[in-house]
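Just below is one structure, and these are the notes that go with it.
One-based numbering along the sequence shown.
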Amino acid sequence: MSMFLFSLGLCKGAAVRIVRRAARVIGIAIFLSLLVGTGAGAADEITPVASPMNPFLTQQSRFTNVTYDIYPSSGIFSVQELTQGNIKAGPLLVHPHFGVAENYTDNVTRTDKTFGGKTSDWYTTYQPGLQIQLPVLGRHKIIMDYRAYLERYSRDATLDVNDQTMSLNPVLVFPGGLTVKLLGELKNGHDYRGSATSALGGGTSGSSTINQFYNKEYGGEVELKSQTFVRASHKYIDYQFTGPLAGTRVPGTAGDINTRNRMERYDSLALGGRVAPNTYLYVKGMYQRELYEVNKDLDSTVVTLAGGSTWEGLAKSTGSFDIGWQTRTMDRASSRGTGVYGTMYFNGNFAWKPQEQTKVNVSFYRRTNETVLAETRFYTGTGTTFDVNHAVTKKWNVTGQVMYEHDTYSGPITADNMRAVRQDDYLTFGGGLWYQIQPWLGARLNYLYTERLSNFISTQYNANQMMLSLQAQF
């Protein structure tokens with residue numbers, strides 16, 4: 001009887017926490033509705049667009065109007081341009097936004113598959129931001145953007161996240177199909193537990209501390225789309241790791257500074273021509289240089305040669321696709337394996353609208369990536385993501401996601417009383433409801449299941465996650 005009463009007390013306490021957290025989100029929704037009024041922006045109905053998810057970022061809260069990118073990207077040269085709202089300050093267009101989400105996961109550290117080995121937790125996400133746009137001569141635009149992504153955990157404060165990004169993004173549009181994009185960003189980011197680059201690679205140490213880093217990045221892209229297609233780009237990204245796992249710069253000591261502090265440089269050039277209206281074919285060359293601050297054994301050069309295509313409005317679709325060969329050459333020979341590695345490379349993004357109410361996003365990729373395993377130099381990731389959004393009514397949408405990635409490391413490692421090349425498989429699937437209360441205000445309810453399978457048993461895990469989010473964008 002005492003055990004029954006104890007269990008009943010636990011269930012009652014969990015129910016109270018759920019009600020309180022749901023009431024918090026609903027209360028904010030009511031407050032925002034009263035603040036702005038139900039008629040704000042009602043003339044501009046919008047249909048949500050599905051956005052591809054990273055298999056490693058399944059713990060990240062998802063919102064309706066504004067997204068947040070935790071990692072810098074070598075191929076992105078513009079921030080998400082916000083269009084909802086009509087707040088003006090002289091010539092400036094001002095777009096504040098704020099999101100809040102309540103999340104629950106049954107495996108917060110992503111370190112075990114067994115029921116008894118998992119640790120559950122609730123966490124609240126806050127996502128405030130402000131974007132200011134300055135139109136120039138009617139066709140150009142300067143975008144200044146600040147976004148933050150904050151997570152607060154109920155049981156384990158070492159998992160709290162304080163990410164933020166400040167961006168400056170001039171976009172110049174000239175006659176004849178010439179576009180110039182410049183981007184400079186300062187970013188604080190982190191690695192979620194369970195990702196390929198998380199603390200200790202997602203092992204069984206029980207540590208729940210997250211990796212934290214600071215980025216400086218700048219770059220630009222010039223693109224000409226007429227009869228001729230030309231796209232040239234350059235980007236510089238600097239990683240500096242911080243936080244409890246950073247360690248020192250003393251050679252041979254443990255820590256992210258010694259193993260992961262680095263500079264990355266990316267240059268690319270694509271040349272081609274138009275083969276149909278809004279459809280182009282091209283050949284492409286990419287050069288990537290990675291220089292580590294301390295861990296010089298990982299200094300390398302990556303060269304990629306590919307052919308590709310970009311199109312708009314073809315069979316109700318928009319997308320791009322590159323396929324070719326990628327070669328990674330290490331600066332130094334070492335015991336970590338071969339100094340030259342070649343593999344097939346492909347990268348594609350495909351947005352399809354089979355009917356007016358349905359939008360589908362598909363991405364697929366294969367490329368080499370940074371490793372945190374001491375006996376390896378990199379890993380090759382091959383994966384795909386599938387997102388679908390179906391509008392049941394003008395306001396109610398049903399969403400679904402499936403993600404898969406297979407990782408193969410560059411050389412054998414020793415763990416779990418065996419020595420072998422580590423291979424991991426990530427699988428995520430889920431779905432939910434999306435309610436666009438107003439064009440400026442939306443809510444999402446989502447469920448995701450994530451699993452990592454590996455030939456090293458100690459790195460396997462699975463997790464369930466529920467999320468309720470609300471976001472306003474003016």
Side-chain angles (χ1 to χ4, degrees), residues 53-54 56-63 66-80 82 95-101 103 108-110 123-132 143-153 156-169 182-200 207-219 235-249 255-266 290 292-294 369-370 372 469 471:
M53 295 175 62
N54 187 317
F56 298 150
L57 302 183
T58 54
Q59 289 164 275
Q60 183 181 357
S61 298
R62 303 288 159 171
F63 295 92
V66 184
T67 61
Y68 187 87
D69 295 321
I70 291 178
Y71 293 102
S73 172
S74 62
I76 295 179
F77 296 90
S78 57
V79 300
Q80 178 191 3
L82 306 183
H95 296 284
H97 53 88
F98 180 79
V100 61
N103 306 265
V108 69
T109 57
R110 303 299 204 256
Y123 59 100
T124 303
T125 302
Y126 304 98
Q127 187 172 299
L130 176 66
Q131 184 174 110
I132 298 175
I143 301 174
M144 295 158 280
D145 190 274
Y146 171 81
R147 301 180 191 192
Y149 181 84
L150 315 172
E151 288 181 354
R152 295 295 179 265
Y153 286 78
D156 190 352
T158 64
L159 286 170
D160 286 354
V161 169
N162 298 288
D163 292 352
Q164 57 182 335
T165 302
M166 293 180 288
S167 308
L168 178 62
N169 182 208
L182 304 174
L183 179 64
E185 285 191 337
L186 301 176
K187 181 186 290 285
N188 288 324
H190 75 284
D191 293 317
Y192 273 116
R193 289 308 313 264
S195 69
T197 52
S198 67
L200 304 178
S207 169
S208 60
T209 305
I210 60 172
N211 305 76
Q212 302 171 37
F213 55 81
Y214 170 72
N215 291 122
K216 293 182 292 183
E217 64 169 309
Y218 59 82
K235 179 167 277 194
Y236 169 93
I237 303 175
D238 179 71
Y239 277 88
Q240 297 292 324
F241 282 81
T242 61
L245 298 175
T248 69
R249 285 177 168 80
D256 287 323
I257 290 177
N258 260 302
T259 58
R260 302 182 65 190
N261 272 15
R262 66 190 184 277
M263 178 278 292
E264 298 178 353
R265 172 188 167 185
Y266 300 86
E290 297 181 2
Y292 283 74
E293 181 180 332
V294 180
N369 303 274
E370 174 204 9
V372 296
S469 72
Q471 186 175 63

Look at Arg260 together with Glu370 and state whether they make a salt bridge at an N to O cut-off of under 4.0 Å.
->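 So Arg260 pairs with Glu370 through a salt bridge.
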Walk me through it: do Tyr292 and Glu290 pass the test side-chain contact (heavy atoms from CB on, under 4.5 Å)?
-> CA-CA 7 Å; Tyr292 283 74; Glu290 297 181 2; 4.0 Å; yes
Just by distance, do the side chain of [X] and the backbone of [Y] share a donor-acceptor pair under 3.5 Å?
| X | Y | result |
| --- | --- | --- |
| Asn258 | Thr248 | yes |
| Tyr123 | Ala101 | no |
| Tyr149 | Ser61 | yes |
| Gln131 | Gln80 | yes |
| Thr124 | Arg152 | no |
| Thr259 | Gly255 | yes |

In the structure I gave you, are the side-chain heavy atoms of [X] and [Y] within less than 4.5 Å of one another anywhere?
| X | Y | result |
| --- | --- | --- |
| Ile70 | His190 | yes |
| Val161 | Ile210 | yes |
| Val108 | Leu159 | yes |
| Glu185 | Val79 | yes |
| Phe213 | Asp191 | yes |
| Asn103 | Thr125 | yes |

[X] side, atom [atom1]; [Y] side, atom [atom2] - distance, nearest 0.5 Å:
| X | Y | atom1 | atom2 | value |
| --- | --- | --- | --- | --- |
| Tyr236 | Asn215 | OH | CG | 10.5 Å |
| Gln212 | Gln240 | CD | CD | 14.0 Å |
| Asn169 | Ile76 | CG | CD1 | 11.0 Å |
| Asp163 | Arg147 | CG | CZ | 13.5 Å |
| Met166 | Leu186 | CE | CG | 5.0 Å |
| Glu293 | Asn261 | CD | CG | 4.5 Å |

Identify the two heavy atoms, one from [X] and one from [Y], that lie closest to each other, and give their separation to 0.1 Å.
| X | Y | value |
| --- | --- | --- |
| Tyr153 | Asp160 | N-OD1, 2.9 Å |
| Gln59 | Glu151 | O-OE2, 3.8 Å |
| Ile237 | Pro72 | CG2-CG, 3.8 Å |

Aromatic rings Tyr239 and Phe241: how do their planes relate, parallel, tilted or perpendicular, breaks at 30° and 60°?
->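 Correct class here is parallel.
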Val66, Ile143, Leu130 screened by side chain to side chain contact (heavy atoms under 4.5 Å, CB included) with Leu82, the one that passes = Val66
Is the NZ or CZ atom of Lys187 positioned over Tyr68's six-membered ring, under 6.0 angstrom from the centre and within 45° of the axis?
-> yes
